[in-house]
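Working notes, beginning with the structure itself.
Note that this is a predicted model, so its numbers are computed, not measured.
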There are 2 protein chains.
Amino acid sequence: MLPDTSLQNHLDISHIRSSCASCSLRELCLPVGLNEHEIQVLGDVVSHKRKIQRGGYLHRAGAKFQSLFAIRSGFLKTCVLEQDGRQQVTGFHMTGELLGLDAISTDTHTCDAVALEDSEVCEIPFAKLEEISRIIPSLMRHFHKMMSREIVRDHGVMLLLGSMKAEERLATFLLNLSRRFLVRGYSESDFNLRMTREEIGSYLGLKLETVSRAFSKLQDENIITVDNKHIRINDIARLRMKMGNSSCIT
Amino acid sequence: MLPDTSLQNHLDISHIRSSCASCSLRELCLPVGLNEHEIQVLGDVVSHKRKIQRGGYLHRAGAKFQSLFAIRSGFLKTCVLEQDGRQQVTGFHMTGELLGLDAISTDTHTCDAVALEDSEVCEIPFAKLEEISRIIPSLMRHFHKMMSREIVRDHGVMLLLGSMKAEERLATFLLNLSRRFLVRGYSESDFNLRMTREEIGSYLGLKLETVSRAFSKLQDENIITVDNKHIRINDIARLRMKMGNSSCIT
DNA sequence: TGTCGTGATTGATCTGGATCAAAACTGACA
DNA sequence: TGTCAGTTTTGATCCAGATCAATCACGACA
C-alpha cells in the first residue's frame with residue numbers, strides 16, 4: 001500500500017517556531033567531540049523541533065527526504081508496510097538516535113516512522129548537514145561513524161534472524177534494550193516496553209504467540225519477571241547465557 | 001526494498017571519460033558525476049590495487065580499518081562468525097561494489113571478506129577519501145548515498161529473513177542476482193553461482209538441504225533449470241510471482 | 001458502572017523446514 | 001586413470017514455531 005499524497009503535510013514544519021536555539025544539542029548524538037563554536041554552527045542548522053504524539057507518524061515510506069531526525073525524547077519504531085497490511089518492524093529507536101539514514105540513497109523515505117509514545121525530535125536538514133560537515137571534519141567523521149554503526153546494527157539483526165532460536169532472539173532483544181536504557185541513565189533491569197508483543201514479533205521474525213510463550217518461559221525459569229509491558233530482569237547473567245555467546249545487536 | 005535497488009544509477013558511469021591513474025576508475029562505483037579534474041584527484045587516492053585468490057581473505061573481523069575496497073573484478077562474500085561457530089553470510093559482492101563500510105564505526109572490521117573467485121580490488125584509504133570529499137561535494141554526496149544504500153539493502157534482507165518462506169527467499173535471491181548480472185552486461189537469465197548451497201543457505205537463513213530442495217522445486221515447475229552451479233531462468237515472470245508480495249521490490 | 005475493543009496468555013494441533021542419513025556427483029591431484 | 005574430499009541431491013523423520021481457538025486483563029468511554 002503506497003502512502004497517499006497528503007502525507008507531505010507530515011513533513012511540513014514551516015509552522016513550527018523553535019524556541020530553543022540549539023534544541024538541547026548536547027543531548028543529541030551529533031555534537032560529540034565538537035568545540036563551543038562548532039556546536040554553535042551546528043545549532044543553527046538543528047533549529048526545528050517537532051513533537052509527535054503516540055501513534056503519530058514522523059514520516060511515511062515514499063515521502064520526499066529532506067531531513068534527518070535526531071530523537072530528543074520518546075520512543076519510535078520504523079517499519080515497512082506490506083500490501084496485505086502486515087508490517088515488518090525494522091527497528092526501535094530512542095533518545096539520541098538518528099532517523100532517516102535509509103532515505104539518503106534515493107531522496108525518499110523507505111519506511112514509516114511511528115511514535116510509540118509521545119516523542120520529540122530535532123529536524124536536521126540534510127543538505128545543510130553535508131554543507132557544514134565540510135567545514136567541521138570531526139562532525140563529518142562522526143556522521144560517517146553513525147551511518148556505519150547502523151550498518152553494523154543491521155548485520156547483527158540479520159545474524160539474529162538468520163540463525164537464532166526464538167528464546168535466543170528474545171533474550172538478545174531484552175539485553176539490547178537493557179543496555180540502551182542503562183546508557184541513558186535508566187535502570188538496566190527494570191523497565192517498561194513501549195511496543196506490543198506483535199511489534200516485538202515482527203522485529204524478531206516471530207509470531208506474537210511465540211513471543212508471549214518465550215516471555216513466559218523466561219519467567220518460569222526466574223530469569224525475568226513479566227507483568228504485561230513491565231519487565232524486570234532478575235538474573236542478567238543467565239539471560240546472557242540464553243542469548244548464546246554472541247555480541248550481535250549493538 | 002530488495003537489496004541493490006538502484007544499482008542501475010549506481011553503475012551508470014558511461015558518461016565518464018578519463019584515463020585514470022592505475023585502477024580503471026571508470027569501472028568503480030565512486031566517480032559518478034565527477035568532472036575530469038575531480039576524477040584525477042580521486043585517482044591519486046585510489047592508486048593501490050590488490051588481488052585476492054579464490055578462498056583468500058580481503059580482510060578479517062577484528063582487523064584494523066584503514067581503507068574501503070572497491071571491487072574491480074571477481075566475487076566476494078562477507079560474513080560474521082560467532083565464537084560457537086555460528087556463521088552468517090551478510091552479503092555477496094561483485095564488481096563496482098564497495099566493501100568495508102561497516103568498519104568505519106569502530107575503526108575495526110566487523111566481518112570477514114572472502115573471495116569466492118579470483119578477485120581484484122582497489123584500496124581506498126578512508127582518511128584520504130574523507131579529506132577529498134570535503135573538496136568535492138558531489139563525491140561526498142555520492143559516498144553518503146552508497147552508505148545509505150547499504151542500509152536499505154540490509155533492511156531488505158531483514159524483511160526477507162523475518163517474513164518470507166524458503167521458496168520466496170530463493171526466488172528473491174535469484175532475481176536479485178539476475179538484475180545485478182544484467183546491469184553489468186551479463187545475461188540476466190543464464191549465469192553461474194559462485195557460492196555453495198551452504199553459503200546461500202546462510203545468507204537466506206536456511207539449511208543447505210532446504211536450499212537444494214527449493215532449487216529442485218523451481219526446476220520441477222520449469223521456472224528455472226539447475227545444473228549444479230549453473231542456473232538458467234526460464235520464466236522470470238513466474239519467478240517474480242514466487243517472490244510473493246511485491247511491495248518489497250523496487 | 002457496564003460495555004467494548006485491544007492486547008496478552010495459554011492450550012491444541014499442524015506443518016515447513018531442520019535434522020539425520022545415504023547416495024551420487026564434481027573436480028583437484030597423484 | 002583412480003582416489004578422495006567436498007558438494008549436491010533426495011528420502012525419512014522430527015520438532016520448533018505457526019496457526020487456530022478460547023479466555024483473560026485492562027483501559028477508554030458512554
Interatomic distance, [X] [atom1] vs [N] [atom2] [rounded to whole Å]:
| X | N | atom1 | atom2 | answer |
| --- | --- | --- | --- | --- |
| Glu167(B) | dT15(C) | CD | P | 17 Å |
| Gln219(A) | dA8(C) | CD | P | 14 Å |
| Lys229(B) | dG27(C) | NZ | P | 9 Å |
| Asp227(A) | dA8(C) | CG | P | 12 Å |
| Glu198(A) | dT9(C) | CD | P | 14 Å |

Of all nucleotides in DNA chain D with an atom under 4.0 Å from a non-hydrogen atom of chain A, which is the first and which the last going 5' to 3'?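 Counting from the 5' end, contacts occupy dG17(D) to dC20(D).
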
I'd like to know whether CZ of Arg50(B) has more than 12 heavy-atom contacts from other residues, nucleotides or ligands below 6.0 angstrom.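 Buried by this count: over 12 neighbours within 6.0 Å.
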
Take Ile151(B) and Thr110(A) through the test side chain to side chain contact (heavy atoms under 4.5 Å, CB included) and record every step on the way to the result. CA-CA 10 Å; Ile151(B) 291 170; Thr110(A) 64; over 6 Å; no

Listed pairs, N/O of protein and of nucleotides 18-20 of chain C, under 3.5 Å:
unit_1, atom_1, unit_2, atom_2, d
dA18(C), OP1, Lys207(B), N, 3.3
dA18(C), OP2, Lys207(B), N, 3.3
dA18(C), OP2, Thr210(B), OG1, 2.2
dT19(C), O4, Arg213(B), NH2, 3.0
dC20(C), N4, Glu209(B), OE2, 3.3

At under 4.0 Å between heavy atoms, what does Thr196(B) touch on the DNA or RNA strands: base, sugar-phosphate, or nothing?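 Sugar-phosphate: the residue Thr196(B), judged by heavy atoms under 4.0 Å, touches backbone atoms but no base.
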
So Lys217(A), base contact, sugar-phosphate only, or nothing? Heavy-atom distance under 4.0 Å.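 Nothing, no nucleic acid heavy atom in range.
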
Side-chain N,O (Ser212(A)) to OP1/OP2 (dT10(C)) below 4.0 Å: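 For dT10(C), OP1/OP2 do not have a side-chain N/O of Ser212(A) under 4.0 Å.
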
Stepwise, does the salt bridge (Lys or Arg N to Asp or Glu O under 4.0 Å) test hold for Lys242(A) with Glu167(A)? CA-CA 7 Å; Lys242(A) 285 285 176 188; Glu167(A) 204 176 286; 2.7 Å; yes

Side chains of His48(B) and Glu123(B), donor plus acceptor under 3.5 Å: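 Distance-only check passes for His48(B) and Glu123(B).
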
Would a 4.5 Å heavy-atom cut-off, applied to side chains only, mark Phe65(B) and His59(B) as touching?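 Contact flag for Phe65(B)/His59(B) side chains = no.
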
Report the C-alpha separation of Glu221(A) and Lys217(A) in whole Å, then their side-chain angles, then the decisive distance to 0.1 Å, and conclude whether the salt bridge (Lys or Arg N to Asp or Glu O under 4.0 Å) test is met. CA-CA 6 Å; Glu221(A) 300 179 62; Lys217(A) 176 107 185 300; 3.5 Å; yes

Among Lys77(B), Arg149(B), Arg153(B), Arg184(B), exactly one meets salt bridge (charged side-chain N to carboxylate O under 4.0 Å, His left out) together with Glu97(B). Which residue is that?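 It is Arg184(B), the one option of Lys77(B), Arg149(B), Arg153(B), Arg184(B) that forms the salt bridge (charged side-chain N to carboxylate O under 4.0 Å, His left out) with Glu97(B).
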
